[in-house]
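Note that the numbering runs from 1 along the sequence shown for the chain. Any value given below was found using the heavy atoms of this structure, including those in side chains, with hydrogens, waters and symmetry copies removed.
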Amino acid sequence: MSLLSSRHSLMHFASGLLLKPISFHFLSGSLHLVLLVSLLVSWVWSKTVARDRDGSKERFGGALYRRRTLFCSVGASGFYLVMCVLCCFYWYRSGWSDETLVAILDLAFKTVAWGFVCAYLRTGFFNSGEGRFPFFFRVWCAFYLLISCYCFIVDFILYEKHVSLPIQYLISDGVSTFVGLFFCYVGFLVKNEGGDSILQEPLLNEPLLNGNGNFSAESVSNKTKEAENVTPYSNAGFFSILTFSWVGPLIAAGKRKTLDLEDIPELASCDSVLGAFPTYRNKLEDDCGTINRVTTVKLAKSLILFAWKEIFATAIIVLLNVLASYVGPYLIDTFVQYLNGKQRFKNEGYLLVTAFLVAKLIECLTERHYFFKLQQVGIRIRALLVTMIYSKCLTLSCQSKQGHTSGEIINFMTVDAERIGNFIWNIHQPWILVLQVALALIVLYKNLGLASISALVAIFLVLLANVPFASLQEKFQDKLMKSKDSRMKATSEILRNMRILKLQGWEMKFLSKIVEMRKTEQSWLRKYVYTTSMTIFVFFGAPTFVSVVTFATCMLIGIPLESGKIISALATFQMLQEPIFLLPNTISAIAQTKVSLARIASFLRLDDLQPNVIEKLPRGSSNTAVEVVNGNFSWDLSSANTTLKDINLTIFHGMRVAVCGTVGSGKSSLLSCMLGEVPKISGVLRVCGRKAFVAQSPWIQSGTIEENILFGKEMDRGRYEKILEACSLNKDLEILSFGDQTIIGERGINLSGGQKQRIQLARALYQDADIFLFDDPFSAVDAHTGSHLFKECLLGLLSSKTVIYVTHQVEFLPAANLILVMKDGKITQCGKYNDLLNSGTDFMELVGAHRKALSVLDSSDEGEVSDKLSMAKQEVNINNSQVIEEKEVNKDMHNGKSDDGVEPKGQLIQEEEREKGRVGLSVYWKYITTAYGGALVPFILLAQILFQLLQIGSNYWMAWATPISSDAKPPVGPYMLIIVYVAMAIGSSLSFLIRAILLSTAGYKTATILFKKMHLCIFRAPISFFDATPSGRIINRASTDQSALDIDIPNLVGSLAFSMIELLGVMAMMSQVSWQVFIIFIPVISISLWYQQYYLPSARELSRLVGVCQAPVIQHFAETMSGTTTIRSFDQESRFYKTNMRLTDGYSRPKFNIAGALEWQCFRLDMLSAITFAFFLIFLITMPRGVINPGIAGLAVTYGLNLNCLQAWVIWCLCNMENKIISVERILQYTSIPSEPPLVIEENRPDPSWPSHGEIDIHNLQVRYAPHLPLVLRGITCKFPGGLKTGIVGRTGSGKTTLIHTLFRINDPTSGHIMIDGINISSIGLHDLRSRLSIIPQDPTMFEGTVRSNLDPLEEYTDEQIWEALDKCQLGEEVRNKEGKLDYAVSENGENWSMGQRQLVCLGRVLLKRSKVLVLDEATASVDTATDNLIQQTLRQHFSDCTVITIAHRITSVLHSDMVLLLNQGLIEECDSPTRLLEDKSSSFAQLVAEYTMRSKSRFQQ
């Protein structure tokens, strides 16, 4: 019996021992100590004995389990650390025992052991190539799982038996069981899976793999190369989407290196505009009939219907979000009462904590996905609108285009489409506000009864107060956008013509025009930002106003105010603060979006090209290529003047048709009519076959020469080489450093006029067309090249094709099968050359002028030299040895002997400069100190701190001064309670008002100053900057970045500072209640900052890439706008349309990933905030009763409810500000552009009469366009005698225009100098130089405005002087017939004037200026011979005593010169009087003249 008794007692003792927590804590601690020792031994062994292992083994288990294993071990170590700290604090309060000491040691061993496990797995195991965990570790994991399960079961049994057991044991053992299960599963069941998946990312993914090992980088790199680079979002799993882990690889890549565009994954098909736009367009057309009938409402409706699924899904998500957010305010009173000791059931505190935590987690998750999905929809909608605007531009009629300039339409794309896309953020706000008000009333009614009605009235009063502010904001926004449109329109035009402005010395005048436009814009901006400040002030004070009204009502009707109910009400008002605060932004966004939708809809309603202008016949179905019957056409259908009248014309296949006539007779309009560009009034126009078009003004795309010639066609090398030869391009390609792979600058800026024209001609020839329309392509090339082009192209390659060509060269007319003579929009004569000679006066005028010009050649051949020419011969001062030397160098060049290795080579157009790495502190410092030296910043911060102190103080006062329950005595009387609260509320509101006004003032002033600095630097930049910088990059800064600087960045900088102050206030409040919360705050803030540092490199580069990717969209659009006629003539609309969509997707890619990366970070920060809040609540419920004031604790919980939002908001502001501050960085880049030399050098100003003689002396002149490009002028020495006429001739691309640009210091010499009347032009100011010289440039330019403003932009001359100049340049009668005369409107680029008329306007400018030195750069290339003769006569009459330098391809234009300079590849080949050069029959000039004479007399007849 005793034996049985002893055995029973022994069993009882053993079972008691096994059921005691101290025993299994001892066992668990021992097990972890064994693991720790084993790991240390293993590590020492590996360092001292083990050698390199075979690196070819397969990696363990795939990326997913590898990373989750690391995460699990890190998480376990961190969890046990927190539990250890909590237990220390808890048992410090309640007393120590042996059991507690063993438990704490167990937790400490677990913390260290799992930390070592993480380190071992990271550095030792995963890099070793092992397939599974070591056997020892797997056995240990099995024991660990058994012990953990046993402990957890024992805890549960004891808990069920109501045995007193700390809750910490149950939580700790539950987590240990989960960890053991996971490691056993990985250790025993997971095998080699042979590859990594970069698409599956856990919560803490790549950061943990950026240590010493390089496995992650290699695997990601290899996988990216192998797999199609589509965003992982498209096939991510549920867990990856839930936690935004799909964007993890990109963030990891950004941490390792600077992200480039190729690192950004392509969009999924659902987000790409390529797939979405055709469907959207079809639906919109079904709804409206045609795009031209779209209204603002229908456009908005179509966008909503397009994204209705996402909008509906986000509505469900946001509903859950709002419901979860009101759980806290609803339960806060119950929580306060629990802290006061009113426990209704057992474990009520833990249940409340669980409810708070679950609601917070749901709120965080739904908010993250709500924001991301809305951004995703916004990106799609923006892309659709940009594509819609672009496709409209491809079909826009010329008349409609004149009403909206490219600058305005760029604003539609960059500002309006962006704004509509961003509005999606606010789409749910109106009904969310109603729902939140309803929920708030329910919570208020539960706590305050009928007083909630007064809260509802106060809320409605606040909402009604918004009406006048909303209307003002809408009005100011509309005015602001219109003024911005005007400014961008002018900026775009100025940038296109900056070379002309600098040649004329007008850039500062046009800068003042931009500044004046900006002043108008600033006036509306100032009103807008101050109105916004007032609106924000009113609504930021709204919660305080509502709470004052509600609490006052409670006092009046006798509802007792208890601290729990007060705190619940304050929490509710705080919840209302966000929707009420966002309401003005929402209304403002609605107003802005309404304006933007209306602007885009009005643009989409503009008239397209008439679809029925041309009756297109199937290819090969008719012998007739072009037929016009009784055709009447007009560019302006509202005008009484018809452009083309009574056109009757039949052109058969294979015919060559020449079109000739005087300037403005309608020649180009006739070709445009055949292209379908001119609206038809009446008649029939039939075209059979494909068309190719060469415009008079060359249209060249940015890209390589090869791309411009192929123009979307496949490469046929044989055909390509044949066309290069026919267009005389091979020699040019030999000179260019990269041949046909040379990148052409915007509008062909780095090519000569002749080169551009020949590339354009090659593009037309390469197309498989039946009908070729050439608009005077030979005027821009020299005589030799023109003859070659005519023979090889028109008479050779196109001998069997239909060719219709406009020409001013009479010598090209005899080769035509049919000649059309035009005058005043009519075909006055029609027939073959010989038939027309005797049939009318119009044709005879042209031929007679040509013969008159040829007679000069004949007289020159006879050797008749005038007295003036003899004097010129004596003045010519040329070093013949220098010429011979240059000829030898030139021969070496032809023989390929030039030392190319010495010359630096490079493309003119470089990639857009973007900063890399962290945005420098200097950028922030410059931004905050730009306005008033930063003097307002301390006052803004002080006002915000005061506002925060008064806000917290007023709430603290209400929580402290009200009783905890109805039976407690209040510390103060009711009137004192309300008076103090109202006083603090008024003080906080005034502080906020001061802050809002000061912030708006500082932001507005900063934007104004930086705008002026940037534009001054841009206008003072050398022309090389504009050559190498596409205008899209500059426009991007002047439009998008400036808009961010005007409005977004001040708000962001303010929000960051204020949210940080608010966060510090909340932390202080929570710490005042329970200082122990710092135990959680410190690691959480550390991890948050680490996350921010990990995320920022990617976010920063993605934001920079957004700016870089936007410029090509703008540039491509601007190029398309200027080349729509060419694009349509080649039927290339679909290709350009697809290119635009590809570029738009390229812009959307970084934006989409920015959204994903931001939510990736915010999700993790939200989780950390939720953990902090949960531990804070646990601290409160585990504290002994009476240690803290329940009311103050409840107030701290109220602030803690928004802790996740506030902490995420601080980090979001920090990251978003760094993203947005890149706009400041980009603007500051352009405030440090190297400037041209000074406009005026006061100590070295020339005499007012300078130049009095006009003698130009050039010595050893060498010029290159950029330091990395080869020399264009290779050492020129010569003298242009004062008062004489000098002609400069040479093949296209020989350096003629470069020499002139150097004379005007557009390009400064690399070496050598130019003297004018004894003054080195490099020693005086640019304005002093350029204002004393006159030029008619190669590209005739007119600006939008009036005839008067184009002739006299500086407003220096009277109307009489202007009329006199117009009469002299043969335009007086034309202008007198216009409506408004001198005030007749000139459209953008002067498109309502012909090319010849534009050149005559340029002539009018120099006639007004009357400078001593005049330069004519192909000044008469686009006019007929008769007009050319009149111009030459005018110049001889009015500039007889001036130095005139003429560059001309018409030999007759330079034969009147006193001296001729012949250039060849940047060297002087010949320099002498025309007579002496013609006497030497072997001279290049004599050969050129002979060729021209022969061409003119041969008539190219076959």
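Expressed to the nearest 0.5 Å, how far CD of Glu1159 lies from CG of Leu1165 amounts to 10.5 Å. Interatomic distance, Ile381 CD1 to Phe306 CZ, rounded to the nearest 0.5 Å: 7.0 Å. To the nearest 0.5 Å, atom CD of residue Glu266 and atom CZ of residue Phe1152 are 12.5 Å apart. Rounded to the nearest 0.5 angstrom, Ser325 OG and Gln436 CD are separated by 6.0 Å. To the nearest 0.5 Å, atoms OG1 (Thr314) and CD1 (Ile424) are separated by 8.5 Å. For the atom pair CG of Leu435 and CG of Asn321, the computed distance is 10.0 Å after rounding to the nearest 0.5 Å.
Heavy atoms only, all atoms of each residue included: Tyr370 and Ile432 are closest at OH-CD1, 3.7 Å. Annotation for Ser1148 and Leu267: closest pair CB-CD1, 3.7 Å, computed over non-hydrogen atoms. The minimum heavy-atom distance between Ala1155 and Gln375, with the atom names listed, is CB-OE1, 3.4 Å. Here the shortest heavy-atom pairing between Leu357 and Ala1170 reads CD1-O, 3.7 Å. Val318 and Ala315 get closest at one heavy-atom pair: CG1-O, 3.2 Å. Closest of all the heavy-atom pairs between Met1167 and Cys364 is CE-CB, 4.0 Å.
With sequence neighbours excluded, no residue forms a ring-ring contact (aromatic ring centres under 6.0 Å, His included) with Tyr326. Scored by the ring-ring contact (aromatic ring centres under 6.0 Å, His included) test, Phe356 finds Phe335 as partners (sequence neighbours excluded).
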### Query
Would Ile251 and Trp1160 satisfy side-chain contact (heavy atoms from CB on, under 4.5 Å), going step by step from the backbone distance to the final call?
CA-CA 9 Å; Ile251 296 173; Trp1160 177 93; 3.4 Å; yes
### Message
Show, in sequence, the C-alpha distance, side-chain angles and deciding distance for Val327 and Leu323, and conclude whether the side-chain contact (heavy atoms from CB on, under 4.5 Å) test is met.
### Response
CA-CA 7 Å; Val327 169; Leu323 293 174; over 6 Å; no
### Candidate pair Phe423 and Asn426, rule side-chain contact (heavy atoms from CB on, under 4.5 Å), full reasoning
CA-CA 5 Å; Phe423 171 72; Asn426 304 96; 4.0 Å; yes
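In this structure, the side chains of Tyr445 and Ile442 stay at 4.5 Å or more apart for every pair of heavy atoms. Contact annotation: the side chain of Ile311 approaches that of His428 to within less than 4.5 Å [non-hydrogen atoms, C-beta and beyond]. Residues Lys360 and Asp1166 fail the side-chain proximity criterion, which asks for heavy atoms closer than 4.5 Å. Inter-residue side-chain proximity for Leu250 and Ser1098 is flagged as unmet; no heavy-atom pair is nearer than 4.5 Å. At a threshold of 4.5 Å between non-hydrogen side-chain atoms, the residues Ile264 and Leu1102 count as touching.
No close placement of the Phe1163 and Trp246 rings is indicated, their centers lying 6.0 Å or farther apart. Within the 6.0 Å centre-distance limit, the rings of Phe372 and Tyr233 are counted as a close aromatic pair.
Of the residues listed (Arg1164, Gln1161, Arg1100, Lys255), the one engaging Tyr1095 in a side chain to side chain contact (heavy atoms under 4.5 Å, CB included) is Gln1161, and it is the only one. Partner of Ile317 under the side chain to side chain contact (heavy atoms under 4.5 Å, CB included) criterion, out of Thr366, Leu365, Val322: Thr366 alone. Here the options are Ile379, Val1106, Leu1105, the test is side chain to side chain contact (heavy atoms under 4.5 Å, CB included), and the partner is Tyr1147; only Val1106 passes.
The 12-atom threshold is not exceeded at NZ of Lys1220, counting heavy atoms of other residues, nucleotides or ligands nearer than 6.0 Å.
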Below 3.5 Å, can you tabulate the donor-acceptor pairs from side chains in residues 1055-1069 to any protein atom, sequence neighbours excluded?
{"unit_1": "Ser1055", "atom_1": "OG", "unit_2": "Asn1051", "atom_2": "O", "d": "2.8"}
{"unit_1": "Ser1059", "atom_1": "OG", "unit_2": "Ser1055", "atom_2": "O", "d": "2.7"}
{"unit_1": "Ser1059", "atom_1": "OG", "unit_2": "Leu1056", "atom_2": "O", "d": "3.1"}

